[in-house]
Asker: 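My structure is below; once you've seen it, I'll send some questions.
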Amino acid sequence: MAAERQQGRQAAAAPDSLAIELRGISKSFGPVQANKDISIQVRRGSIHGIIGENGAGKSTLMSILYGFYRADAGEIYIGGRLTPIPDSQSAIRAGIGMVFQHFKLVQNFTVLENVILGAEEGRLLRPSLAKARKALADLAREYELEVDPDARIEDLSVGHQQRVEILKALYRQADILILDEPTGVLTPAEADHLFRILKGLREQGKTIILITHKLREIMEITDTVSVMRRGQMTATVQTAETSPEELAELMVGRKVLLRVDKAPAIPGRTVLKVENLRVRDENGVERLKGIDLTVRAGEILGIAGVAGNGQSELLEVLGGIARGAGSVQLNGVELDLSGKHSDGQSRRLQGIAHVPEDRQHLGMIMDFTAWENVAFGYHNEPEYQKNALLMDNEALREDTRRKMERFDVRPPDCTLAAKNFSGGNQQKLIVAREIERNPDLLLIGQPTRGVDIGAIEFIHKQILALRDAGKAVLLVSVELDEIMSLSDRIAVMFDGRIMGFRDPATTDERDLGLLMAGVDDVKGAA
Amino acid sequence: MQKMPPWADALLVPLLSLLIAFAISSVVIFAIGENPVEAMKLMVTGALGSSYGWGYTLYYATNFMFTGLAVAVAFHAGLFNIGGEGQASLGGLGVALVCLMVPWPHWSLALIGAVVCGALFGALWAALPAWLQAKRGSHIVITTIMFNFIAASLLNYLLVNMLRPVGSMDPATARFPAETNLPGLGEILGAVGIPFSTSTPANVSLFLALACCVLVWVLIWRTRLGYQIRAFGKSEKAAVYAGIRPVRITMYAMLISGGLAGMMAVNNVMGEANRLVLNSVEGAGFIGIAVALMGRSHPFGVFLAAILFGFLYQGGAELALWTKIPRELITVIQALVILFTGALDNMVRQPVEWLFARAGRGAK
């Protein structure tokens, strides 16, 4: 049905009103076909959303458009003309700019230096810098893109860094701007500002392609939305004529529960009691400035906050990775925070499982196979040992196969390296590993970052099931939706402190947003 | 993603690299006015054409297996142990001391003593750089290089001032007692009815080296320690998350690495020279790096690469003996092999991957 709708609508578009047209793009990596005969038309001066689960092929498609990959087949038309894009230089020449999810900025350069990097004219920098300074001032006026041109990138907030990326593209005369998951790192206020910028750009006739997995953003800002699933374009629809439910169904290929269904919590005894917890980083900067909180059995405490306000340190010190000072009690037993008598192993033995925020750098080893990763952190478990010397790899593989089946990890091949799984399936593997240990306390950071909708639903259900089994869960997430729908209580962190606790039933996004921005807790105090 | 079948990765690519290295070597030999075909023939017959040649080839290969394994184990932990040279010389000191000071009744017991003592000395020499790396962050490449020089000076001092027999002009220890002489490969193979030259230095240590290849494979891929070493080598951050302690794994990996390097002394000091001389290692510690690189840090790869380098050593010696080609040219050939199999690996790998990708598409 979706395909017919796409046909019907797109035939109407006149060719000269198109900024980009892709025809029959295919790309495979070995046996995996990442893009299968994809055709898409993007109207000039529109905001076109592309959504799809992780591994659906969105990033591959955009990489082809930006010249990072070469398509095996298919044609690219820019402004109605056939334009081959063999490398990113050609893409820039064709007026395409890209803002990556992970910014490509030189941290110790100033904004100006970053903007001209790669676009310097002549051997001397001064004329280019002067030209860029003027151009930046114009752009800032025009699009609400204010950034101090002489600030160093490392001193800028994430939102400002993103503006620098947009400025870089505009400075290179980009008419078409591709943004890959731009709001993942932003506060709600910053995201709103970004959307205002994007709308401003659209009014000036720029074309914007927005890659995201957040349905709310798609509904809020796009004109047209294309849905990808398993390497294919399943539908292109007008945003005004669709609903989040329909989009979710198109993405996943089945009906999805967007709201989490949960029974009221039945909190029991206190499992985790944290008092005056302080953590310094390696430079001696205090990252946690006296945290007090408790998590009870059968309860999910959600920690909201903009990334980088101490949530990572909190998880790491509780998980035995970082050192700290203060008092942490698990089931009434004091935990060692000095790192002398504790590490990730001892914490696991005491009943703490930890799904880390950074799945790819902490949670697993990308070059290890799935079964090796299932042993990760549990490599000392007796069930994985054949005898005093050797590990029982066969038992481990068997256990991995069971876990993969139960958690629906695809492809169900336990000898595949972790890096060959999509983000969602990697996360399922980690969640399976940690939850199946039946821990007293689950620390879980960004459980669904970079995870597709189908897997999000599944992972949320697992977290709730653990709670309903009477376990304590400490959830850290930058996704407010996730915090609001999963948590039984919410704590908001800002600058290493807890700004206040909230009941998800009585709070709203604005209230939490103020606390996240560091505004003192008037309501809680009153 | 699998870009090419494993056999191509493990055999075809190194083989092609090797061919290119030999082709360029031929050009060099031709340029200095010798016949490259004759030279190659001489190398092959000299190193592999007789059991005498094989004896020398295998003797050198035994050295390289120990040092290659040493580097490989450290590689798996993400540590670049350049100190094989120093660790092997210290191993020599341990072997010499244990052979000279203990009245061994039989070579087999002496062998056990020498293995333990050589490994212990080598391990201890690796322990200090390892500790400095683990605790203080001093880079192990720098410290192990420095420890090579310290080892050389230390042995110089000990051999000249303490271990040299009274009246000898030679900075070397006394000969080891006859009870510690290891049976040669010729004797061993002769005993089971295989004719093999008895006048080569290859000895029972070859079997020790082969056993070490198997043991290292078991260690790395079958034990918990190996698992932790590999995890730590891939990502220290992730290892800490899993509760693997960096200090401990750094120490273990380097102790094993140093121990393997130290065991080389059983072959060259005890098996061949029967005494400890100055510079007994003769660069085998550094060749070990090339062997580990070429062998992709896999024990079987190390085994093959060690044989190759043993062949180059022995073939090169023959070349110097029978032609006007200077011995230094052998170093050039070895350097080319290292260059192409190690440093320029991608030059061969990428075209091969591309060919396989094309063939794969063609098949579909």
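Since the structure is predicted, the reported quantities are computational estimates derived from the model, not experimental observations. Naming: A, B, ... by sequence-line order, numbering from 1 per chain.
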Asker: Can you tell which part of Q360(A) gets under 4.5 Å to a heavy atom of chain B, answering side chain, backbone, both or neither?
Answerer: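 Interface part for Q360(A): neither.
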Asker: Measuring from atom CH2 of W221(B) to atom CE of M391(A), what distance do you get when rounded to the nearest 0.5 angstrom?
Answerer: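 One gets 14.5 Å once the value is rounded to the nearest 0.5 Å.
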Asker: May I have all residue pairs that pass side-chain hydrogen bond (donor to acceptor under 3.5 Å, both in side chains) and include part of residues 66-79 of chain B, sequence neighbours excluded?
Answerer: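 Matches after skipping sequence neighbours: none remain.
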Asker: Which bit of N380(A) comes within less than 4.5 Å of chain B, counting heavy atoms only: side chain, backbone, both or neither?
Answerer: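 Looking at N380(A), backbone and side chain both touch chain B.
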Asker: Chain B heavy atoms under 4.5 Å from M366(A): which part of the residue, side chain, backbone, both or neither?
Answerer: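 Contact with chain B: none, neither part.
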Asker: Using heavy-atom distances under 4.5 Å, tell me whether A417(A) contacts chain B through its side chain, its backbone, both, or neither.
Answerer: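 Neither part; nothing is under 4.5 Å.
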Asker: Side chain from CB out, backbone as N, CA, C, O: work out which of these in R347(A) comes under 4.5 Å of a heavy atom of chain B, or both, or neither.
Answerer: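 For R347(A), there is no contact with chain B at all, as no heavy atom is under 4.5 Å.
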Asker: Measure from the side-chain N and O atoms of Q345(A) to the backbone N and O of I244(B), and report whether any donor-acceptor pair falls under 3.5 Å.
Answerer: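 The answer is no, because no donor-acceptor pair under 3.5 Å joins these two groups.
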Asker: Can you check whether V218(B) reaches L390(A) side chain to side chain, under 4.5 Å on heavy atoms?
Answerer: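 Yes, their side chains come closer than 4.5 Å.
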Asker: Heavy-atom pairs under 4.5 Å with chain B are the metric here; pick the option from G377(A), S346(A), A322(A), G320(A) that has the most.
Answerer: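 Ranked by contacts with chain B, first place is G377(A).
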Asker: Measure distances from S342(A) to the heavy atoms of chain B and classify the residue's part below 4.5 Å as side chain, backbone, both or neither.
Answerer: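 Answer is backbone: N, CA, C or O of S342(A) sit under 4.5 Å from chain B.
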Asker: For chain B, which residues from residues 430-444 of chain A have at least one heavy atom closer than 4.5 Å to it?
Answerer: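 At a heavy-atom separation under 4.5 Å, chain B is reached by R433(A), E434(A).
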Asker: Identify which of H354(A), M364(A), E316(A), H379(A) forms the greatest number of heavy-atom pairs closer than 4.5 Å to chain B.
Answerer: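 Among H354(A), M364(A), E316(A), H379(A), the one with the most close pairs to chain B is H379(A).
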Asker: Counting only non-hydrogen atoms closer than 4.5 Å, does F376(A) touch chain B with its backbone (N, CA, C, O), its side chain (CB onward), both, or neither?
Answerer: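 F376(A) touches chain B through backbone and side-chain heavy atoms alike.
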Asker: Heavy atom to heavy atom, less than 4.5 Å: which residues from residues 246-253 of chain B reach chain A?
Answerer: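 Residues of residues 246-253 of chain B touching chain A at under 4.5 Å: none.
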Asker: Tell me the residues of residues 224-241 of chain B whose non-hydrogen atoms fall below 4.5 Å from those of chain A, in number order.
Answerer: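 R224(B), Y227(B), Q228(B), R230(B), A231(B), K234(B), S235(B), K237(B), A238(B), A239(B), V240(B), Y241(B) fall under the 4.5 Å cut-off.
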Asker: Given the options L362(A), L389(A), D392(A), I321(A), which has more heavy-atom pairs under 4.5 Å with chain B than any of the others?
Answerer: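 Maximum pair count with chain B is reached by L362(A).
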